[in-house]
Amino acid sequence: MIARATIEIRKLALHDLDAIERIENAVYPTPWSRSMFAGELAKPSSLSLGGFDPDTGRLVAYLIVSRYVDAWHIMNLAVHPGWRRIGVASRLLDELFELTAGDPRRGYTLEVRVSNTTAIALYETFGFETSGLRRGYYTDNREDALIMWRDPLGHGAVGEA
Ligand SMILES: CC(C)(COP(=O)(O)OP(=O)(O)OC[C@H]1O[C@@H](n2cnc3c(N)ncnc32)[C@H](O)[C@@H]1OP(=O)(O)O)[C@@H](O)C(=O)NCCC(=O)NCCS
């Protein structure tokens with residue numbers, strides 16, 4: 001079983017944007033812009049969760065999810081490099097599944113770089129399975145994206161037992 005870090009989780013607000021940007025810029029070679037985050041935070045169809053250090057109140061991780069007709073789409077997930085491998089991302093994903101549990105019509109999907117074995121391993125522990133490939137999806141290096149899917153009950157790809 002994955003250990004779960006002690007963090008506080010709450011919905012992100014506009015006043016978290018500075019902290020989000022600091023983590024985003026430290027984590028991704030082609031980070032989202034501030035306005036992309038502001039747009040997601042403002043959308044009623046988005047679920048934006050932050051994980052906070054309970055001692056200092058500082059943001060250590062975030063998860064941005066968009067609601068579509070048949071799926072919750074994980075748009076962004078990042079954990080501060082100093083807070084990794086202690087179950088922070090797992091806590092955020094647990095919270096997502098808990099908050100959306102009453103929505104049996106929507107599965108969960110995401111794109112991930114084929115080279116991002118860390119994230120792929122994380123998603124696999126949560127029952128996501130590869131359901132397709134988008135060739136040259138990432139514009140910075142034309143890397144392919146794996147499409148991953150988890151059905152509403154967490155039993156893997158659509159159509160499988
Ligand atoms: C991917 C990421 C979000 C994982 O966050 P995290 O808080 O460290 O993950 P957790 O501690 O909850 O890990 C849960 C499980 O995922 C897997 N996992 C996480 N990091 C891993 C690693 N470096 N190597 C192998 N497996 C890993 C393991 O199965 C782990 O369980 P275990 O620690 O009991 O073995 C984090 O590494 C990150 O922010 N990476 C950069 C941004 C990114 O790639 N985001 C995803 C884009 S799609």
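In listed order, ligands and their atoms are each counted from 1.
- On a distance-only criterion, Asn116 and ligand 1 share at least one N/O pair closer than 3.5 Å.
- Judged by the shortest distance from any of its heavy atoms, Val27 lies inside the 4.0 Å radius around the atoms of ligand 1.
- At under 3.5 Å, a nitrogen or oxygen of Ala89, whether backbone or side chain, sits near a nitrogen or oxygen of ligand 1.
- Near Ala121, meaning under 4.0 Å from any of its heavy atoms, are these atoms of ligand 1: 26 (N).
- Under 3.5 Å, the side chains of Glu40 and Ser46 contain a donor-acceptor pair of N or O atoms.
- Heavy-atom contacts of Tyr123 reach the following atoms of ligand 1: 46 (C), 48 (S) (cutoff under 4.0 Å).
- Judged purely by atom type and a 3.5 angstrom limit, Arg91 uses its side chain to pair as donor or acceptor with the backbone of Ile7.
- Of the candidates Thr118, Leu77, Val60, Ile23, it is Leu77 that places a heavy atom closest to atom 46 (C) of ligand 1.
- No side-chain N or O of Tyr138 forms a donor-acceptor pair with one of Thr30 less than 3.5 Å apart.
- Interface of Tyr28 with ligand 1, defined as ligand atoms under 4.0 Å from a residue heavy atom, comprises 42 (C), 43 (C), 45 (N), 46 (C), 47 (C).
- When only modelled atom types and interatomic distance are considered, Glu24 and Tyr62 share a side-chain donor-acceptor pair under 3.5 Å.
- Applying the side-chain contact (heavy atoms from CB on, under 4.5 Å) criterion to Arg34, with sequence neighbours excluded, gives Leu17, Asp18, Glu21.
- Here the shortest heavy-atom distance to atom 29 (O) of ligand 1, taken over Asn76, Thr125, Leu122, belongs to Thr125.
- When each of Thr100, Thr109, Asp103 is checked for a side-chain hydrogen bond (donor to acceptor under 3.5 Å, both in side chains) with Trp72, only Asp103 meets the rule.
- Interface of Ile86 with ligand 1, defined as ligand atoms under 4.0 Å from a residue heavy atom, comprises 11 (O).
- Distances below 4.0 Å separate heavy atoms of Val88 from the following atoms of ligand 1: 7 (O), 12 (O).
- A pairwise comparison of heavy atoms in Tyr28 and Pro31 identifies O-CD, 3.4 Å as the closest pair.
- The closest side-chain donor-acceptor pair between Ser35 and Ser33 falls under 3.5 angstrom.
- Residue Arg85 places at least one N or O, backbone or side chain, under 3.5 Å from an N or O of ligand 1.
- Here's the thing with Trp83: none of its N/O atoms is less than 3.5 angstrom from an N/O atom of ligand 1.
- Of all the listed residues (Arg91, Arg113, Arg84), Arg84 holds the heavy atom that lies closest to atom 37 (O) of ligand 1.
- Here's the thing with Val112: none of its N/O atoms is less than 3.5 angstrom from an N/O atom of ligand 1.
- Below 30°, between 30° and 60°, or above 60°: for Phe128 and Phe97 the angle between ring planes is between 30° and 60°, a tilted geometry.
- A donor-acceptor pair is defined here as one N or O able to donate and one able to accept, closer than 3.5 Å; such a pair exists between the side chain of Asp144 and the backbone of Gly136.
- Ligand 1 places these atoms under 4.0 Å from at least one heavy atom of Ala78: 39 (O).
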